[in-house]
Amino acid sequence: MDQRKQFVEDLSDQTDDFSRWYNEVVRKAQLADYAPVRGCMVIRPYGYGLWEHMQRLLDERIVEGFAPQVAWVTQGGNDALEERLAIRPTSEAIIGRMYSRWIESYRDLPVLINQWCNVMRWEKVTRLFLRTAEFLWQEGHTAHATAEEGKAEVLRMLEVYRDFAETDLAIPVHAGRKSAAEKFAGAEMTYSIEALMRDGKALQAGTSHDLGQHFAKVFDITFQDEQGKRQFVHQTSWGASTRLIGAVIMTHGDDQGLRLPPRIAPVQAVVVPIWRKDEERAAVTEFIAKVVEALRGRVRLYVDDRDQYTPGWKYNEHELRGVPVRIEVGPKDVAKAAVMSVRRDGRAKESIPLAALGERLPALLEEIQRALFESARAFREENTATARTVAEMEAHFATRRGFVAVPWDGSAAFEAEAKERTGATLRCVPLDQTPWAGLAGAGQDVALFARAY
RNA sequence: CGGGGCGUGGCUCAGCCCGGUAGAGCACCUGGUUCGGGACCAGGGGGUCGGAGGUUCAAAUCCUCUCGCCCCGACCA
């Protein structure tokens, strides 16, 4: 903060206190605020806009072949609750009972359902977006005739999450399987995508479970196969939640605030008018109308023509809120029939002629999208080490964080000892082992450990 | 669930130790001058000090109990 005047909008530095920085960003960027209900938050329009873009992009990847989304809502819109919040049993229990009624024959399979809804959980310790008592998520539940079909579905969805995280959220992730200790209790096998936050802690950003026949046996979900024999179905379930918003914040944010990937940014570019005299204002306003026209349907644009703030004030505010590109339009630009664009990541400036804007700005947004991903990936690589023994892991975690790749024989004993001595947990066994070729011996896989949220 | 911290205008906090009836900066409202990196001047509005008891002539301040939030550790998306 050096000699600068203190402003309400000023943020703590990430390196001073990451948790504090996170909380300040969430609230000052107006993503969410604490609700009067313990452990709950209110997602504000800007944060919800992020979620809506995530929904749209993820749905595009899921929907084909899926039943229309259903939603169980325990709270409607902005209305105050008239009744107590009902905490429902786990999704698997509800789905199990419904499936047992809906499935009779192999002709009914597979059943593919995906829904976006809110859920409540009993949580002692909460954190905005990362863990709250109530949260929004997407959950898919499928039922299949064979184990092979189920396993294929589980891996297909894991890949959907990986691609979504990397392509749309610009978050590099490791897709892999969980250990017996870390998997969902009701699952045969759990898979997840694991991301690395800027404070060096890992975050599970999506989950896909192979439920096998566990729930089918509990809820009696059976079908008659082609031979007329009664069989239990094979199920999967998978989900991703508003926790992803937390992942975006902690993967890309810097000391100035949020840096949003253009694909999910509610506002992709903000136009800031600059003028002194009334005639300048008229010319600038007129020119901005042309800018808006040039970008209509191509870029999510916001023209910040609020009178009560100076341009400099607006620059700071939109940087805090993570808007990928700022477009300055002043008398000098109007004279050149151009605008001055400034990137949120790195603040590189570029004068763009009005005539080129419609082509250039979308391209610029894609460049920023890629740059954010590459920067996050570089950070992750810098914060990934290798070890061969628990002692080596202990030495590493004594002074550093990040991922540690270590050969794992699959034993619970090794995992437990590592956790005990380092505080890090086994995040996953990556499906793609090629980055660590040669590290693991025969019959072993490389596992990734990290301190985690 | 253990350890620590904090609840005072919208925000950040001072006042509390040593009771005397609430203050600053920012934000907000009005008017004017401003506007290429957080503008300035003048005037103005707003707080039963988280809640409930108690002590006292008198409580933001002392005592008891509660509720909530944050941070750090053990369990979970």
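Remember, predicted model here, so these are calculated numbers, not experimental data.
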For nucleotides 66-68 of chain B, print each protein N/O atom paired with a nucleotide N/O atom at under 3.5 Å, atom names and distance only.
unit_1	atom_1	unit_2	atom_2	d
B:G68	OP1	A:R38	NE	3.4

What does the list of N/O pairs under 3.5 Å between the protein and nucleotides 72-75 of chain B look like, with a distance for each?
unit_1	atom_1	unit_2	atom_2	d
B:C72	OP1	A:S19	OG	3.1
B:G73	OP1	A:R451	NH2	3.2
B:C75	OP1	A:K419	NZ	3.4

Pairs under 3.5 Å (N/O, protein and nucleotides 29-35 of chain B):
unit_1	atom_1	unit_2	atom_2	d
B:C35	OP1	A:R276	NH1	2.5
B:C35	O2'	A:W275	O	3.1

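Between A:L244 atom CG and B:A77 atom C1' there is a gap of 10 Å when expressed in whole angstrom units. In this structure, A:K183 places its NZ atom 15 Å from C1' of B:C76, rounding to the nearest Å. Distance A:N118 CG to B:A77 C1': 15 Å, rounded to the nearest Å. As rounded to whole Å, 11 Å separates atom P of B:G38 from atom CZ of A:R326.
Along RNA chain B, the nucleotide closest to A:H209 and the one closest to A:R27 are compared, and the more 5′ of them pairs with A:R27.
As the counterpart of B:C18, no nucleotide is assigned, since no Watson-Crick or G-U wobble pattern has both distances under 3.5 Å. Of the nucleotides present, B:U33 is the one that pairs with B:A39 by Watson-Crick or G-U wobble criteria, both distances under 3.5 Å.
Listed nucleotides: B:A77, B:C70, B:G37. Nearest to the side chain of A:N23: B:C70.
A tilted orientation is assigned to the rings of A:H209 and A:F184, their planes being inclined by 30° to 60°.
Counting atom types as modelled, A:E319 pairs a side-chain N or O with a base atom of B:G37 as donor and acceptor under 3.5 Å.
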*asked:* Show, in sequence, the C-alpha distance, side-chain angles and deciding distance for A:T236 and A:W238, and conclude whether the side-chain hydrogen bond (donor to acceptor under 3.5 Å, both in side chains) test is met.
replied: CA-CA 7 Å; A:T236 80; A:W238 25 271; 3.2 Å; yes
*Take A:D199 and A:K201 through the salt bridge (charged side-chain N to carboxylate O under 4.0 Å, His left out) test and state the conclusion after the steps.*
CA-CA 6 Å; A:D199 63 347; A:K201 289 172 78 173; 5.1 Å; no
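Annotation: B:A74 and B:C49 have their P atoms spaced 40 Å apart (nearest Å). Only the C1' atoms considered, B:U8 is 9 Å distant from B:G15, to the nearest whole Å. B:G47 sits 15 Å from B:U12 when the C1' atoms are compared, rounded to a whole Å.
A:Y34 comes within 4.0 angstrom of the backbone, heavy atoms only, and of no base.
Around CZ of A:R360, the count of heavy atoms belonging to other residues, nucleotides or ligands within 6.0 Å exceeds 12.
From A:E153, atom CD reaches atom CG of A:L155 across 9.5 Å, with rounding to the nearest 0.5 Å. Atom CD of A:Q268 and atom CG of A:L365 lie 5.0 Å apart (nearest 0.5 Å).
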